[in-house]
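One structure is given here, and the rest of the page talks about it.
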Amino acid sequence: MKTIRYLLVSALLAASVAVMGCATKPKPFDYQPVTEMQQEPGIFTGEKGEWVVYSSDRAAAGEKEATVSEPRKPGTELTPAEHEEFLRFQQWQKEKRDFEQFQQWKRSPEGSKEYDEFLEWKRWQTFQKWQESQTRTK
Amino acid sequence: MRQMQGRFGYCLLAALLATAFLAAPAAAFEAKLSGQVNQMMMWADDGNEDDFFVADNTNSSTRFRFTGAQAFGKVTAGFQIELEAQRSRSNELFIGQNSDGRFNWNDRWLNAYFDTPFGKFEIGKGDGAAKAVPEIDLSGTAVITYSGVTDTSGGFMFKNADGTDFGATIGQTRNNFGGLSRNERIRYNTPTFAGFWLAASMTNGEAWETSAWYAADFGGNKIAAAVGYIDGRKRVGAQYTQYSGAISWLMPFGLNLTASYGQRDFDLAGRDDATNYYFKVGYKWDIHAVSAEYGWTEDMRINGEDSSNWGLAYVITPWKGVEFYTAYRQFKLDAVVGPDPDDIRQAMLGTRLRF
């Protein structure tokens with residue numbers, strides 16, 4: 001019986017050594033004892049298998065987000081006059097953005113061509129109005 | 001021995017002080033919560049009577065864990081608090097049990113650690129350096145069968161043919177000779193070199209453990225192996241020295257082989273060394289894992305007594321975090337004198353949910 005046991009153990013060890021000898025570049029892995037909790041997915045915790053109760057990174061990101069988003073939510077701490085002024089400021093910013101986009105388009109090769117045509121059309125309209133006024137005078 | 005312990009303490013202190021020089025401003029801190037519930041049904045028959053149980057699977061019990069870690073430059077300071085909550089523990093079941101058993105709160109891990117370029121230093125309650133050595137298993141069925149066979153059967157008493165108690169439980173006659181499980185200790189783990197690392201720990205009662213580990217993947221062939229040594233002669237409940245070793249090999253196509261060996265020297269005149277052998281062959285594919293095992297322990301309770309078992313197991317993981325398992329085991333005892341007691345048979349069906 002003992003001989004069989006030793007043969008079994010020896011065979012397993014020999015096979016393992018053979019595999020280790022033949023294979024190239026072993027890659028170490030993190031062995032986790034089977035009776036301990038494994039690093040595997042959980043039902044509620046998803047792929048990570050752990051629920052992050054607190055993360056300093058997340059907390060810092062939260063603080064940053066709160067600081068940035070403050071001006072976007074006026075009203076509660078502002079007086080009605082300040083709120084109205086803020087809305088006008090937002091409207092001005094929107095118009096300014098539109099104007100800048102228009103300026104950019106105008107400077108673009110396609111835009112400048114179209115804008116020249118637009119200016120020509122405006123001049124033509126002015127000319128038309130002038131002609132109409134001349135006819136009415138006669 | 002005392003001199004050695006003193007040296008170990010000084011080395012540990014020196015290394016911890018050295019880490020102070022590596023200290024840097026704090027980086028990200030994370031605290032995490034995780035846990036699992038592991039419950040099963042069991043039928044058992046001692047040859048005289050049979051019984052049905054609903055129990056908590058002690059192989060990998062119901063528990064939850066709270067961990068936290070923060071990096072300070074090259075040093076990571078962290079902690080692990082793990083509490084086990086069990087009722088009707090599978091290792092304490094006995095035929096004739098007519099209640100849910102006791103509820104047990106158990107502090108499994110209360111561990112603080114410092115992970116440094118020189119290795120990992122741990123202090124607090126946790127596993128000794130050699131505890132998990134004979135448990136090495138890559139079969140995927142360890143949730144229900146592994147070398148620690150007493151975790152699901154330790155309380156069952158062998159019975160004589162006439163129905164009287166033989167006088168020995170499975171738990172008294174079997175052991176995988178792992179290290180000291182979860183005790184107040186200091187522990188040091190070296191950094192990993194090409195898959196190899198060493199560990200040493202010391203606990204109360206001047207009990208020492210050392211171990212050497214290896215875990216690597218050779219082109220899809222995963223191999224995990226370890227050897228360990230324990231000297232617990234001055235610790236209450238561990239008056240022995242012990243060797244153990246195990247290896248598990250998972251091949252790329254799913255076939256896997258596991259072998260575990262352990263030996264205990266009782267340090268008593270006239271007492272033979274107790275030995276344990278455990279073998280498992282398994283196959284893993286997709287979400288399935290099956291295995292067959294055979295193991296035996298010699299001279300554990302008394303000289304000349306041989307206790308063995310064989311078993312079959314199947315585990316399926318249909319969804320992430322959910323496992324279902326079933327297993328059958330049969331235990332046999334070769335008595336030193338007189339007729340052998342009846343075999344004990346058990347069948348189990350259960351689930352482990354990770355949350």
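These numbers were taken from a predicted model, which means no experiment stands behind them. Quick note on labels: first sequence line is chain A, next is B, and so on, each numbered from 1.
Contact check on B:R108 versus B:E82 returns a salt bridge, with a Lys/Arg side-chain nitrogen under 4.0 Å from an Asp/Glu carboxylate oxygen. Between A:R97 and A:E95 there is no salt bridge, since no side-chain N of the basic residue sits under 4.0 Å from a carboxylate O of the acidic one. Between A:E40 and B:R354 there is a salt bridge, since a side-chain N of the basic residue sits under 4.0 Å from a carboxylate O of the acidic one. Under a 4.0 Å N-O distance rule, the pair A:E84/A:R88 qualifies as a salt bridge. Using a cut-off of 4.0 Å between Lys/Arg side-chain N and Asp/Glu carboxylate O, A:E132 and A:K129 are scored as not salt-bridged.
For the pair B:F324/B:V315, no side-chain contact is recorded, criterion being any heavy-atom separation below 4.5 Å from C-beta on.
The parts of B:F355 that come within reach of chain A are both its backbone and its side chain, each placing non-hydrogen atoms under 4.5 angstrom from that chain. B:L138 touches chain A through its side chain: at least one heavy atom from C-beta onward sits under 4.5 Å away, while N, CA, C and O do not. Residue contact with chain A, scored on non-hydrogen atoms closer than 4.5 Å, involves the side chain of B:A132 exclusively. Proximity to chain B (any heavy atom under 4.5 Å) is restricted, for A:E47, to the side chain, taken from C-beta onward. Neither the backbone nor the side chain of B:T58 comes within less than 4.5 Å of any heavy atom of chain A. Interface remark: B:N59 contributes backbone atoms only to the contact with chain A (heavy atom separation under 4.5 Å).
Chain B forms the most heavy-atom pairs under 4.5 Å with one residue out of A:Q38, A:K48, A:M37, A:Q32, and that residue is A:M37. Interface remark: of the candidates B:W213, B:W109, B:F66, B:W109 forms the most heavy-atom pairs closer than 4.5 Å to chain A. The candidate from B:A142, B:A216, B:G35 with the greatest count of non-hydrogen atom pairs under 4.5 Å with chain A is B:A216. No other option in B:R65, B:K131, B:Q36, B:M251 has as many heavy-atom pairs under 4.5 Å with chain A as B:R65. No other option in B:G321, B:A31, B:S60, B:G195 has as many heavy-atom pairs under 4.5 Å with chain A as B:A31. Comparing A:V53, A:D30, A:T35, A:T45 by heavy-atom pairs within less than 4.5 Å of chain B, the highest count is held by A:T35.
Judged by distance alone, the side chain of B:S260 and the main-chain N or O of B:Y278 form no donor-acceptor pair under 3.5 Å. Between the side chain of B:D56 and the backbone N or O of B:T62 there is at least one donor-acceptor pair closer than 3.5 Å.
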